[in-house]
Amino acid sequence: MATITIVGLGPAGIERVAAPIEEVLVDPDATVVVRTGRHPAATELAVDREIVTCDDLYGESEDFDAVYGSIAARIIARAATGPVVYAVPGSAVVGERSVSILLERAAAAGLDVTVIPGESFLDLVYAAVGLDPIERGVQILDGRDLPDPLPLHLPTIVTQVDRSVVLADAVAELGKVLPFETAVTFLDALGSPDERIVVTDLEGVVRLKPGPRTTLYLDPPPAGWHGL
């Protein structure tokens, strides 16, 4: 058995977690460490078994890589006494810098690691907006760090729009390139009973309240906009 198993909790509740991942999560001999307890599947899992969250580490540094380094150190320390399952929101291989850092640190320590990816929130975004990313292409941008200049020549998903200030900043950057009447799809808590899918425009989207699982989707004009 691997010393460390990294799994994805999927985009919503425990009911969306694949059977092989659920089997690992309920292993009584393993310590389950979750990157954050503020995720539906993690919250539900905590009802049935003891878990260790890493939410306390986020207040220790403004640098996410430093936080993720601390998470890796915590997991590796736990692995010294027995098998550890590290569970992250969504897919373990999509947008999870903490997983990349843990893999690097574990390899340096000579530890065995197994990765079971899990369902990505992107799958639910594609279904919600009717996008086949292979047929049309797609670009995925981090709302906290949009590129400059901002290319918008493909259907675009803007992730990590988890706070009002991030949403406002992202919309301001998009507004430099696109007319403010451009249609935007606001997607939040996909896969959960309280999911929100709102089609509005750049002016309207800033009035909506984002959450930890908020994403924006834009389908740019046929001619494309390149921010130049």
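When a residue number appears, it is its place in the shown sequence, counting from 1.
Cluster annotation: Leu167 is connected to Val198 through the hydrophobic network of ILVMFWY side chains, with a link wherever side-chain heavy atoms come within less than 4.5 Å. When hydrophobic clusters are built by joining Ile, Leu, Val, Met, Phe, Trp and Tyr residues whose side-chain heavy atoms come closer than 4.5 Å, directly or via intermediates, Leu146 is not grouped with Leu154.
Side chain of Arg49 to main chain of Asp27: a donor-acceptor pair is present (N/O by atom type, distance under 3.5 Å, no hydrogens or angles). Put simply, the side chain of Thr31 never gets that close to the backbone of Val52: no donor and acceptor are under 3.5 Å apart. Looking at Arg213, its side chain does come within 3.5 Å of a backbone N or O of Pro11 through a donor-acceptor pair. The main-chain N or O of Glu195 is never found under 3.5 Å from a side-chain atom of Asp188 such that the two would form a donor-acceptor pair. With hydrogens and angles disregarded, a donor-acceptor distance shorter than 3.5 Å links the side chain of His39 to the backbone of Gly10.
Residue Thr200 holds its OG1 atom at 7.5 Å from CZ of Arg207, rounded to the nearest 0.5 Å. Atom OG1 of residue Thr43 and atom CG of residue Leu9 lie 10.0 Å apart, to the nearest 0.5 angstrom. Rounded to the nearest 0.5 Å, atoms OG1 (Thr214) and CD (Gln160) are 11.0 Å apart.
The number of heavy atoms from other shown groups lying within 6.0 Å of CD (Glu15) is above 12.
Using a 4.0 Å cut-off between a side-chain N of Lys or Arg and a carboxylate O of Asp or Glu, Asp219 and Arg136 qualify as a salt bridge.
Inter-residue side-chain proximity for Arg97 and Phe64 is flagged as unmet; no heavy-atom pair is nearer than 4.5 Å. Considering only heavy atoms from C-beta on, Arg35 stays 4.5 Å or farther from Ile75 through its side chain. Between Glu181 and Glu203, every side-chain heavy-atom pair lies at or beyond the 4.5 Å cut-off.
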